[in-house]
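Start at 1 and go down the list; that is how both ligands and their atoms are numbered. Along the sequence shown, the residues carry numbers beginning at 1. Because only heavy atoms are used, hydrogens play no part in the values below, and waters and symmetry mates are left out as well, while side chains stay in.
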Amino acid sequence: MPTRLPVRPEFADEQPYGAPQLDVPICLNVNENPYPPSPELVASIQEAVGQAAKNLNRYPDREAMDLRADLADYLAEESGVRLPPEQIWAANGSNEIISQLMTAFAGPNRTVLSFAPTYSMYPEYARNCYARYCAAERTDSYDIDLDIARNACKKERPALILLASPNNPTGTALPQEQLVELLEIARGTGPDEGTSSIVVVDEAYGEFRRDGVPSALELLDTYDNLVVSRTMSKAFGAAGLRLGYMAASQDIIDQVRIVRLPYHLSAITQAAARAALAHRAPLREQVATIRRNRDRMAEDLRALGLTVLDSDANFVLFGTFNNRHALWQGILEHGILIREVGPEGFLRVSIGTDEENAAFLAALKEVIHG
Ligand SMILES: Cc1ncc(COP(=O)(O)O)c(C=O)c1O
């Protein structure tokens, strides 16, 4: 007789969550960068990892100071905002960053507020740290209504407010004026009298924003309850590396340092990430290509008579279909995996290479027209 495990009652019916990983020729389902690392970058990573391997008997720098300094340089170049390395924090993917923030500031009897539809992992992290997750509604065009947000903040008194911008799965960016208003609202709406809610702007897709769309990093100087989270998984083309980071006030980072696991970032990860950061120059052109291809994909989908949301990310949400599952399945039968996610009737496709995008459009036309 097997023993009965002391399963947490709230997990009794839960399954591990994640996008389907299927072995198909074209994967346009998890918003990766379609271009593999260059041979020069691969050689650099090999060299850096080889050096790090010589000291693997020792624990890594648990503060990852060199890496944080490199990330600060990158952010200064990318967004024009120069921060000291102490205001940057790195972890294994921005998933871990957001999870660490929840562990540090949420927890039992505390609430995390977000606006649906948004990134599907947020409720899972809240659940893991016993926090309450509250999803306020967006408007019909998936924007945030400030009156709804104000009321939700006053009623829920959230420890954290999570705003993905550009948002996943809609691809839409939060206008800066709205973010400023939300930051003002969040002053004083924290869980305890006199505390503020922390506003986390998840900019996983930040580098793909259209010209003229500012980064929330520009507001860090003014708001010490603001966190901007970023990742090397998307624009950097390093999803397999698992490196996410955030920019925030030192007080926020100090709280996260209390809950992080000791030596959470391996010496191998730190070395590989630094090598990738040093090779960032070709990235600019690659990101520009992906942005152009995204705009072209939106036009091509609209030309098919479909509804397509304006995207500042490396994917587009399109629809609407009476039976989106049948469409998803039909495209899969052409060897192309996209994502069945988001509001009813919509599907999401990541921007691939020219060939992948063309194959997807051809498959879609065939499935729609039979
Ligand atoms: C909005 C958003 N935030 C965070 C992540 C997590 O990315 P990673 O953990 O790879 O940095 C994703 C991944 O798809 C995302 O869409």
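Each of R294, R209, R302 was evaluated against D310; a single residue qualifies, R302, per the salt bridge (charged side-chain N to carboxylate O under 4.0 Å, His left out) test.
Among pairs with a residue in residues 361-370, those fulfilling side-chain hydrogen bond (donor to acceptor under 3.5 Å, both in side chains) read H334-E366, at least two apart in sequence or across chains.
Aromatic rings of Y119 and Y205 (six-membered ring for Trp) have centroids beyond the 6.0 Å cut-off, not under it.
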Name the atoms and distances for all side-chain donor-acceptor pairs under 3.5 Å in residues 212-220, with sequence neighbours left out.
unit_1, atom_1, unit_2, atom_2, d
S215, OG, E203, OE1, 2.9
S215, OG, E203, OE2, 3.2
S215, OG, L217, N, 3.0
S215, OG, R230, NH2, 3.4

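By the 6.0 Å and 45° rule, R8 stacks over the aromatic ring of F11.
For D224, the side-chain contact (heavy atoms from CB on, under 4.5 Å) test picks out S249, with sequence neighbours left out.
Around ligand 1 you find G93, S94, N95, Y119, N168, D202, A204, Y205, T231, S233, K234, R242, each with a heavy-atom distance below 4.0 Å.
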